[in-house]
Amino acid sequence: MRPSTLRALQRAAELTRNNRFVEAMATAEPVILAADPDESQEIARWLTEHADDFVREPKER
C-alpha cells in the first residue's frame with residue numbers, strides 16, 4: 001500500500017473517533033476509489049485488521 005493511502009486511512013480513523021464522519025469519508029474515499037486491484041486488497045486487509053482504530057475512544061489531549 002502506498003504511504004499516502006495508509007496516511008489517509010489512519011487520518012480517516014482519527015476523524016471517525018472524533019465524530020467527524022463526513023470528513024473521514026471525504027479523506028478515505030478518494031484513495032479507496034483510486035486504488036488498483038492489488039492495493040484494494042491491501043486496503044481491505046488493513047481495514048479489517050484495524051477496525052478498532054475507528055471505534056476506540058480518542059486519546060485525551
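Keep in mind that the numbers below use all heavy atoms, side chains included, and drop hydrogens, waters and symmetry copies.
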remark   = Which of Glu42, Arg45, Gln41 passes side chain to side chain contact (heavy atoms under 4.5 Å, CB included) with Met1? It is Glu42
remark   = The side chain to side chain contact (heavy atoms under 4.5 Å, CB included) partners of Ser4 (sequence neighbours excluded) come to Arg2, Arg7
request  = Using the test side chain to side chain contact (heavy atoms under 4.5 Å, CB included), find all partners of Asp36 that sit at least two apart in sequence or belong to another chain.
outcome  = Asp38, Glu39
task = Answer yes or no: is there a donor N or O on one side and an acceptor on the other, between the side chain of Thr48 and the main chain of Ala44, under 3.5 Å?
result = yes
Residue pairs, two or more places apart or on separate chains, that pass ring-ring contact (aromatic ring centres under 6.0 Å, His included) and touch residues 3-32 = none
query = How long is the span from the CD atom in Glu14 to the OG1 atom in Thr16, to the nearest 0.5 Å?
reply = 10.0 Å
Atom pairs and distances, side-chain donor-acceptor, residues 23-34, under 3.5 Å, sequence neighbours left out:
{"from": "Glu23", "atom 1": "OE1", "to": "Arg20", "atom 2": "NH2", "distance (Å)": "2.7"}
{"from": "Glu23", "atom 1": "OE2", "to": "Arg20", "atom 2": "NE", "distance (Å)": "3.0"}
{"from": "Thr27", "atom 1": "OG1", "to": "Glu23", "atom 2": "O", "distance (Å)": "2.8"}

query = From Phe54 CZ over to Leu15 CG, what is the distance, rounded to the nearest 0.5 angstrom?
reply = 9.5 Å
message = Suppose the criterion is ring-ring contact (aromatic ring centres under 6.0 Å, His included): which pairs have a residue in residues 25-53, not counting sequence neighbours?
response = Trp46-His50
